[in-house]
Amino acid sequence: MTIQIINGPNLNLLGVREPGIYGSESFEVYLHRLQGLYPDITLEYFQSNVEGVLIDKMQEVGFSVDGIILNAGAYTHTSVALHDCIRSLRSPVVEVHISNVHQREEFRHHSMISSVCCGVICGFGLNSYRLAIEALIDLHR
């Protein structure tokens with residue numbers, strides 16, 4: 001099983017950016033722990049601050065991997081282009097957020113991509129990614 005994790009804008013700053021919201025651990029450190037928890041699953045990781053680059057990556061892998069975990073960051077709330085891309089893929093996509101977006105600013109309460117994702121996980125810190133892996137495993141049983 002291969003799962004592609006894709007992080008959007010500003011998530012390259014995890015561990016440094018607003019640790020009260022996003023925690024103090026970098027994603028690279030967390031990814032190493034995830035790989036230890038799931039040694040039989042290939043976890044690929046990609047991050048970009050650029051919307052079009054995220055789309056290019058999803059189109060590249062979205063017909064071959066067993067699932068995509070997408071934290072689109074702020075693009076979640078603005079991107080019709082990401083919506084359209086996800087809709088065109090064969091691989092299931094799980095929308096993930098580290099914080100509970102519904103406890104934050106009003107503009108974060110609406111997702112442009114939720115309706116084309118197979119599920120949404122938010123509010124469990126970096127553990128949201130592990131929960132998304134479990135959901136994708138369950139989809140393939």
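The first residue in the sequence is number 1, and the count goes up from there.
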Checking side-chain polar atoms at under 3.5 Å, does E95 have a donor or acceptor matched by the opposite partner on S111? yes
Looking at P9 and N49, what are the two nearest heavy atoms and their distance? CA-OD1, 3.2 Å
Among the clusters formed by ILVMFWY side chains lying less than 4.5 Å apart, do L14 and I6 turn up in the same one? no
Separation between OG of S48 and CG of L11, rounded to the nearest 0.5 Å: 11.0 Å
What are the two closest non-hydrogen atoms of Y30 and N127, and how far apart are they? OH-CA, 3.5 Å
So if you build clusters from Ile, Leu, Val, Met, Phe, Trp, Tyr with side-chain heavy-atom gaps below 4.5 Å, do V53 and L89 land together? yes
Please round to the nearest 0.5 Å and tell me the distance separating atom CE of M112 and atom CG of D84. 9.0 Å
Restricting to non-hydrogen atoms, name the atom on L82 and the atom on Y75 that form the minimum distance, rounded to 0.1 Å. CD1-CB, 3.5 Å
I68, M1: one ILVMFWY side-chain cluster at the under-4.5 Å cut-off? no
Joint hydrophobic cluster, L139 plus L131, side-chain heavy atoms closer than 4.5 Å: yes
Apply side-chain contact (heavy atoms from CB on, under 4.5 Å) to N12 and F27, showing your working. CA-CA 8 Å; N12 56 310; F27 195 81; over 6 Å; no
Hey, what do you get for CD1 (I121) to CG (N71), rounding to the nearest 0.5 Å? 11.5 Å
Closest non-hydrogen contact found for S128 with G123 is OG-N, 4.0 Å
If two hydrophobic side chains count as joined below 4.5 Å and joins carry through other members, does L136 share a cluster with I41? yes
Verify, without hydrogens or angle tests, whether S91 (side chain) and V65 (backbone) share a donor-acceptor contact under 3.5 angstrom. yes
Please name the pair of heavy atoms, one in E25 and one in L126, separated by the smallest distance, quoted to 0.1 Å. OE1-CD1, 3.7 Å
Check Q47 against N10 and note the closest heavy-atom contact, atom names and distance. NE2-N, 4.2 Å
Can you measure from CD (E44) to CG (L31) and round to the nearest 0.5 angstrom? 9.5 Å
Is R141 paired with D138 through a side-chain N to carboxylate O contact shorter than 4.0 Å? yes
I'd like to know whether C117 forms a side-chain contact (heavy atoms from CB on, under 4.5 Å) with V94, so could you lay out the CA-CA distance, the side-chain angles of the two residues, the decisive distance to 0.1 Å, and finally the verdict. CA-CA 6 Å; C117 290; V94 178; over 6 Å; no
Taking the side chain from D66 and the backbone from I3, do they hold a donor-acceptor pair closer than 3.5 Å? no
What do you reckon, is CZ of F46 surrounded by more than 12 foreign heavy atoms closer than 6.0 Å? yes
Side-chain heavy-atom pair F124, R130 within 4.5 angstrom cut-off: no
Working to the nearest 0.5 Å, report the span between OG of S114 and NE2 of H97. 6.0 Å
How long is the gap from CD1 on I86 to CD on Q59, to the nearest 0.5 Å? 11.5 Å
May I ask you to decide if T76's main-chain N or O and S79's side chain share a donor-acceptor pair within less than 3.5 Å? no
Sole candidate of I69, L34, L37 that passes side-chain contact (heavy atoms from CB on, under 4.5 Å) when paired with L43: L34
